[in-house]
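In what follows, every chain begins at residue 1, and chains take the letters A, B, ... in the order their sequences are listed. Every value quoted in this text rests on a predicted model; they were computed, and no experiment measured them.
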2 protein chains.
Amino acid sequence: MALRHAVLAALLDEELSGYQLAKAFDLGVANFWHALPQQLYTELAKLEKDGLVTGREVVQDTRPNKRLFKVTEAGLAELERFAATANKPSFIRDDLLVTVQAADHVDTDEVIAQLTERAAFADAKIELFGGLLRQMRGDRSEEEFLRHGERIGPYLTCLRGLAFEEGNRDWCHRSAAILRERRTAHAQR
Amino acid sequence: MALRHAVLAALLDEELSGYQLAKAFDLGVANFWHALPQQLYTELAKLEKDGLVTGREVVQDTRPNKRLFKVTEAGLAELERFAATANKPSFIRDDLLVTVQAADHVDTDEVIAQLTERAAFADAKIELFGGLLRQMRGDRSEEEFLRHGERIGPYLTCLRGLAFEEGNRDWCHRSAAILRERRTAHAQR
DNA sequence: CCATGATAGTCAATTAAGTGACTAATCGCT
DNA sequence: AGCGATTAGTCACTTAATTGACTATCATGG
């Protein structure tokens, strides 16, 4: 029951439409919560029904009209309640790890290919997060920003995302290197 | 559709009962895939129906009887197929990150408490994974084991789990420290 | 001027995941 | 002798997540 809180947290900084929210969940927000557009539209409807967000119609002549949502007082209170109670440890579900777990029983070339692909994906994320961080802290140093910035939550989660992807990249490179070396060694026998 | 592959990957090394599998998914395996006992019993039944695993009844007199499952040839082929096609990037869903995202809008003490709790959890995991790694490599060095060990898949995934939890721990400590400092600075004004 | 892609969604249906309660045996402990 | 913990599950139910198809409008490139 935490998608709703992820949506509330994402709407704290700016009013967003369902569509924009979906974009956000595809980029930075996906860093702390993953969700598909469908879920977001559904969840926004529920949140509005429960009075945790309010939507307002914005008429556009160049684009289709949209509804921008913002968090209400009740929504903030709900987030507060959530912060005080929630603590399910995060769980991982990763196809790549499943594949590597089975590495000794499946085609090594495939595993190496998957690892390489994931490393590239991680690199893209690392660049993305690096850019987001620079943007958030502006001309301040990280230390300075974290000390005195007025909105550091997104910065902290982005730092975690960055470290996570760096971890992914390093592990992918190392694992691929090991598998390559073993393949070579095996071929030489 | 990857829980089935996670189960197959987990059953590669040893025959397990549903109950044992559930234990495993609560410990090490949870490192690459999270699932509840319910799901595992259900999935095992499906896998058996589809001929990807076979179960055999083991009569115990000291304990209730159990059914041990092992992967069939068809199961191995299915894993092979999976390894060659799957590549959904792993997604994160973490209550704690949602909380930290909202850190500037909710009670700082609560956020710090959650971070501290998670750091302790990460420490426990780090110890657990460290032990598992030692056990897997035996008296060999890591390098030696990874070069010549005959079953390195679980070792590699465990390494990722270890690095992940170390990342968690470090990030939790740093974030908590930053929030504590800001709280103090704010109080002094 | 037509196709493609971005914006901004909705509806229906299925699958996966999670919750809660319940059975049954044995072991250790008090 | 009885209580709780551990082993080894099953059944019913609800909620969350995913898949796929569909409707519009407008802008841009060829």
How long is the line joining [atom1] of [X] and [atom2] of [N], in whole Å?
X	N	atom1	atom2	result
D95(A)	dT18(D)	CG	P	12 Å
N65(B)	dT23(C)	CG	C1'	15 Å
F91(B)	dA17(D)	CZ	C1'	9 Å
R67(B)	dT10(D)	CZ	C1'	14 Å
L40(A)	dA17(D)	CG	C1'	11 Å
Q60(B)	dT26(C)	CD	P	11 Å
W33(A)	dA17(D)	CH2	P	7 Å
Q20(B)	dT6(D)	CD	P	16 Å

Once you round to the nearest 0.5 Å, how far does CG of L159(A) lie from CG of L146(A)?
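Here the interatomic distance stands at 6.5 Å.
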
Once you round to the nearest 0.5 Å, how far does CG of D107(B) lie from CG of L79(A)?
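Here the interatomic distance stands at 13.0 Å.
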
If you pin E43(A) and F69(B) to their nearest nucleotides in DNA chain D, which one's is more 5'?
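Its nearest nucleotide lies further toward 5', so the answer is F69(B).
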
Does [X] have more than 12 heavy atoms from other residues, nucleotides or ligands lying within 6.0 Å of its [atom1]?
X	atom1	result
E127(B)	CD	no
E57(B)	CD	yes
E73(A)	CD	no

Please state whether the phosphate of [N], meaning OP1 or OP2, lies under 4.0 angstrom from any side-chain nitrogen or oxygen of [X].
X	N	result
S17(A)	dG9(C)	yes
K23(A)	dT7(C)	yes
K46(B)	dA16(C)	yes

Given R147(B), which of E150(B), E143(B), E144(B) fulfils the salt bridge (charged side-chain N to carboxylate O under 4.0 Å, His left out) condition?
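Filter result, single survivor: E143(B).
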
Would you classify R4(A) as touching base, sugar-phosphate or nothing, given that sugar-phosphate means primed atoms plus P, OP1 and OP2, and contacts are heavy atoms under 4.0 Å?
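The residue R4(A) makes no contact with any strand.
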
L68(B) to S17(B) - nearest heavy-atom pair and separation
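So the minimum-distance heavy-atom pair works out to CD2-N, 3.4 Å.
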
DNA chain C: K66(A) or H34(B), which has the more 5' nearest nucleotide?
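Its nucleotide being nearer the 5' end, the pick is K66(A).
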
Per [X] side chain, nearest of listed nucleotides [options]:
X	options	result
Y41(B)	dA16(D), dG9(D), dA17(D)	dG9(D)
Y19(A)	dA6(C), dA17(D), dG9(D)	dA6(C)
Q39(A)	dA17(C), dG9(D), dT18(D)	dT18(D)
M1(A)	dA8(D), dT18(D), dA16(D)	dA16(D)

Check whether any side-chain heavy atom of V100(B) sits under 4.5 Å from a side-chain heavy atom of W171(B), and report yes or no.
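V100(B) reaches W171(B) side chain to side chain.
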
Return the orientation label for the H5(B) and F82(B) ring planes: parallel under 30°, perpendicular over 60°, tilted otherwise.
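H5(B) and F82(B): parallel rings.
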
Report the relative orientation of the aromatic rings in Y155(B) and F145(B); use parallel for angles under 30°, tilted for 30 to 60°, perpendicular for over 60°.
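If you compare the ring of Y155(B) with that of F145(B), the planes turn out tilted.
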
For the helix from dC1(C)-dG30(D) to dT30(C)-dA1(D), figure out the bend between the end axes, five pairs an end, and round to 10 degrees.
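It works out to 30° between the end axes.
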
Nucleotides 19-26 of chain D: protein proximity per nucleotide (B base, S sugar-phosphate only, - neither; heavy atom, under 4.0 Å):
BB----BB

